[in-house]
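Below is one structure, written out as structure tokens; comments come after it.
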Amino acid sequence: MRSRVGALLWRAGLAALLVCGIGLLPWLSRTDPALTVLKARSADRDATPEVLADIRAQLGLDDGPLHLLGQWLAGLPRGDAGRSWISGTEVMPDVLQALGVSLLLVVVALAVAVVTAAGVCARTLYLGARRSLDGRPAGGSGSAVLAALPEFLTASVLATVVGVQWGWLPALGWYGPQWTVLPALALGLPAGAVLGRLLDDQLPAAFAEPWALAAAARGLPGRSIARKALRRCVPGLLPNLGLFVVGLTGGSVAVEQIFDIPGLGRTTLQAAIAQDLPVLQAGTLVLVALAAVTTGAARLAARLLIGPALRDGALHTLHRPPPPVRRIPPIAYSLLLFVVIALGLPRDPLALDTRARLQPPSAAHPFGTDALGRDVLARVAHGALDTLLLAVAISAIALIAGILLGLLPRLSGPLVDTVNAVPPVLAALLVSAVWGSGPTTPVLAVAVVAWAPLAAHTSALLREERATVHLTATRALGAGPWYLLRSELLPAALPPVARHALLRLPGIALALASLGFLGLGAQPPSPEWGLLLAENQPYAERAPWAVLAPATVLAVLGALAVTAAGALRRPRRRRTADPADPTDPTGLADSTGSMDPAGRRTGEPPAPEAELAGIR
């Protein structure tokens, strides 16, 4: 009870700190909020001292930020979030309406994500139901291409081709269910690909558990075993599914901008740019509350799916030696990426040739030219250095932070929810306010939020691993906490979380690209990939190669990340247990890695009848 109260207070404190920081945003950035509000209201009006003084008097800016913040907080218990500084309307009805729009979009996008994830792991489920998973190569690059699709690029292509050229579905606005299809596809396809890869990574181990082997031996239908294996793996992914819900709600800014959707992400972004603090604070508070509710629902669903086995320590580990990994695809993708960079680096990415504007691919320009006659291959190659190096550095930092904070779930759980509720765009605005604008702003903004999914994944894996039979036995034989952490928990959690970090490498590159696409990242004439996509987007119909080139390289990066992730596996331990070994106080070192031909750990008892009864 005390731990729950402490977690609740910690969560409330983090939310209050975030909201207070947003309330101080104009003063932290040392800008005049009256001038920003004036430009948002009427860009053509002169900023005379009299006009600015009148705005300060209307908004009460002369009373100081602490007075304004206190006044805003005092109205929250009554459901009053103040009035917009720009439009003068009440904030709460507009924010709740935007939240309803975003939630409807998220529901449809989640449906698309579930269908996509089912397609990604369908082959594994089919082979597992037929008991034909032995020797199945790990990994696949089809889902990597989906995961690496830039949401804003997919949205632009769908709006242009499907909505405008073909006229199958509406491309702009928000007036009915048919308006949700295209934006939901743009949001759901990448999310479903990532979730499907994480699920596909655990399914082979679920099919190798004793209950599955015993069920197959007793003649249970394969589809029933496949359903139970799916149910066994889903709880470990529910925290990340909850993060997707919150991330899609506030993070779909680019998609909402393209399709002109009045959602919460777009509303929050416009309020942040205009420094409309009441709207920005209310939107952020709603996102934090949504994150808390979603996380609680995900944890409850995980407990219901696992049942009492989590409490009784009766689970079997899902982290087993996997089948062989195909080495050719990651080598091929690496060579392809290397060739593109090597061919483009000797070229000048800034050389202008207005006589060669929007030229198609040729021998002189293999990727064509852009609207200013610059060589697209040169810009893609030079942009790859910055984008890849930054993405790899952020991924490494996020992995380390995610592992360390995942070991402390009571500390990191509320922190994950709060951080995940902050869209990267808003994080970029907050970072630029405190740190100042510059090339490091998007890096810091993405790094601030990139560790949260990895920490949630680590906590979920460790929670299930602590409830396994072999860990209970090892603890009962006298193993201490440090030995369990070093020899059991970390070896079980590190490989899947590291694979997860690699899967998110293209996503981090996309986050940097998204900030560049929205004008919050690199600035012209930088060849950063997001800026390339943003610059060439207006010419997508006339010169599609200018957009397809950076998008294809992003897809290759995603395929490389997925196929390379298959090589990160938990190693087998070959040494024999030695009771006299001081580094192995339990004498069970070999039992954590050795497996018999049936897929069980050495010395692990067969599944009891009670366990078989639970899968019928």
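- For Val448, there are no side-chain contact (heavy atoms from CB on, under 4.5 Å) partners, not counting sequence neighbours.
- A search for side-chain hydrogen bond (donor to acceptor under 3.5 Å, both in side chains) contacts involving Arg41 returns Gln58, not counting sequence neighbours.
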Self-check item: Verdict with reasoning, Leu337 to Leu388, per side chain to side chain contact (heavy atoms under 4.5 Å, CB included)
Solution: CA-CA 11 Å; Leu337 204 58; Leu388 290 179; 4.1 Å; yes
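- A pairwise comparison of heavy atoms in Ala186 and Pro190 identifies O-CD, 3.4 Å as the closest pair.
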Show every donor-acceptor pair shorter than 3.5 Å between a side-chain atom in residues 368-385 and any protein atom, with sequence neighbours excluded, or say none if there are none.
residue, atom, partner, partner atom, Å
Thr369, OG1, Ala356, O, 2.6
Thr369, OG1, Leu358, N, 3.2
Thr369, OG1, Gln359, N, 2.7
Asp370, OD1, Leu372, N, 3.1
Asp370, OD1, Gly373, N, 3.1
Asp370, OD1, Arg374, N, 2.8
Asp370, OD2, Arg374, NE, 2.9
Asp370, OD2, Arg374, NH2, 3.2
Asp375, OD1, His365, ND1, 2.7
Asp375, OD2, Leu377, N, 3.2
Asp375, OD2, Ala378, N, 2.8
Arg379, NH1, Pro349, O, 2.9
Arg379, NH1, Pro525, O, 3.4
Arg379, NH2, Pro525, O, 3.4
Arg379, NH2, Ser526, O, 3.1
His382, NE2, Leu345, O, 3.0
His382, NE2, Arg347, O, 3.0

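- Taking Asp260 as the reference, Arg266 meet the side-chain hydrogen bond (donor to acceptor under 3.5 Å, both in side chains) condition, with sequence neighbours excluded.
- Every residue two or more places apart in sequence or in another chain that forms a side-chain contact (heavy atoms from CB on, under 4.5 Å) with Ala401 is listed here: Trp451.
- Between Glu256 and Ser102, the closest side-chain pair of non-hydrogen atoms falls below 4.5 Å.
- In this view, Ala447 and Ile394 satisfy the side-chain contact (heavy atoms from CB on, under 4.5 Å) rule, not counting sequence neighbours.
- A 4.5 Å side-chain heavy-atom check between Pro183 and Leu105 finds at least one atom pair inside the cut-off.
- Nearest heavy atoms, Thr116 versus Ala193: CG2-N, 3.8 Å.
- Note that CD1 of Ile508 is 9.5 Å distant from CD1 of Ile397, once rounded to the nearest 0.5 Å.
- For the pair Asp200 (side chain) and Gly196 (backbone), a donor-acceptor distance under 3.5 Å is absent.
- Looking at Leu390 and Val446, their side chains never come closer than 4.5 Å, going by heavy atoms from C-beta outward.
- Nearest heavy atoms, Leu336 versus Val556: CD2-CG2, 3.9 Å.
- The minimum heavy-atom distance linking Ala455 with Leu405 is given by the pair CB-CB, 4.4 Å.
- The line from OG of Ser42 to CD1 of Ile86 is 11.5 Å long, rounded to the nearest 0.5 Å.
- Partners of Arg542 under the salt bridge (Lys or Arg N to Asp or Glu O under 4.0 Å) rule, at least two apart in sequence or in another chain, do not exist in this structure.
- For the atom pair CG of Asp94 and CG of Leu264, the computed distance is 11.5 Å after rounding to the nearest 0.5 Å.
- When all heavy atoms of Ala184 and Ala109 are compared, the pair lying nearest together is CB-N, 3.8 Å.
- Taken to the nearest 0.5 Å, the SG atom of Cys121 stands 11.5 Å off from the CD atom of Gln202.
- Qualifying side-chain hydrogen bond (donor to acceptor under 3.5 Å, both in side chains) partners for Ser334, counting only residues two or more places apart in sequence or in other chains: none.
- Scored by the side-chain contact (heavy atoms from CB on, under 4.5 Å) test, Ala113 finds Ala191 as partners (sequence neighbours excluded).
- The shortest side-chain heavy-atom distance between Pro496 and Leu461 falls under the 4.5 Å cut-off.
- Annotation: side chain of Ile403 is in contact with side chain of Val497 (closest heavy-atom distance under 4.5 Å).
- For residues 160-186, every residue pair satisfying the ring-ring contact (aromatic ring centres under 6.0 Å, His included) rule, not counting sequence neighbours, is listed here: Trp166-Trp168, Tyr175-Trp179.
- One distance of note links CG of Asp46 with CG of Leu38; it measures 9.0 Å at 0.5 Å rounding.
- Side-chain contact check for Val95 versus Leu285: every heavy-atom pair is 4.5 Å or farther apart.
- Of the residues listed (Thr36, Val37, Val91, Val279), the one engaging Trp85 in a side-chain contact (heavy atoms from CB on, under 4.5 Å) is Val37, and it is the only one.
- For Ser459, the side-chain hydrogen bond (donor to acceptor under 3.5 Å, both in side chains) criterion is met by no residue, not counting sequence neighbours.
- Between Leu199 and Leu195 there is no side-chain heavy-atom pair separated by less than 4.5 Å.
- At a threshold of 4.5 Å between non-hydrogen side-chain atoms, the residues Thr267 and Val101 do not count as touching.
- Summarising the geometry of Phe367 relative to Trp545, their closest heavy-atom pair is O-CD1, 3.4 Å, with the distance given to 0.1 Å.
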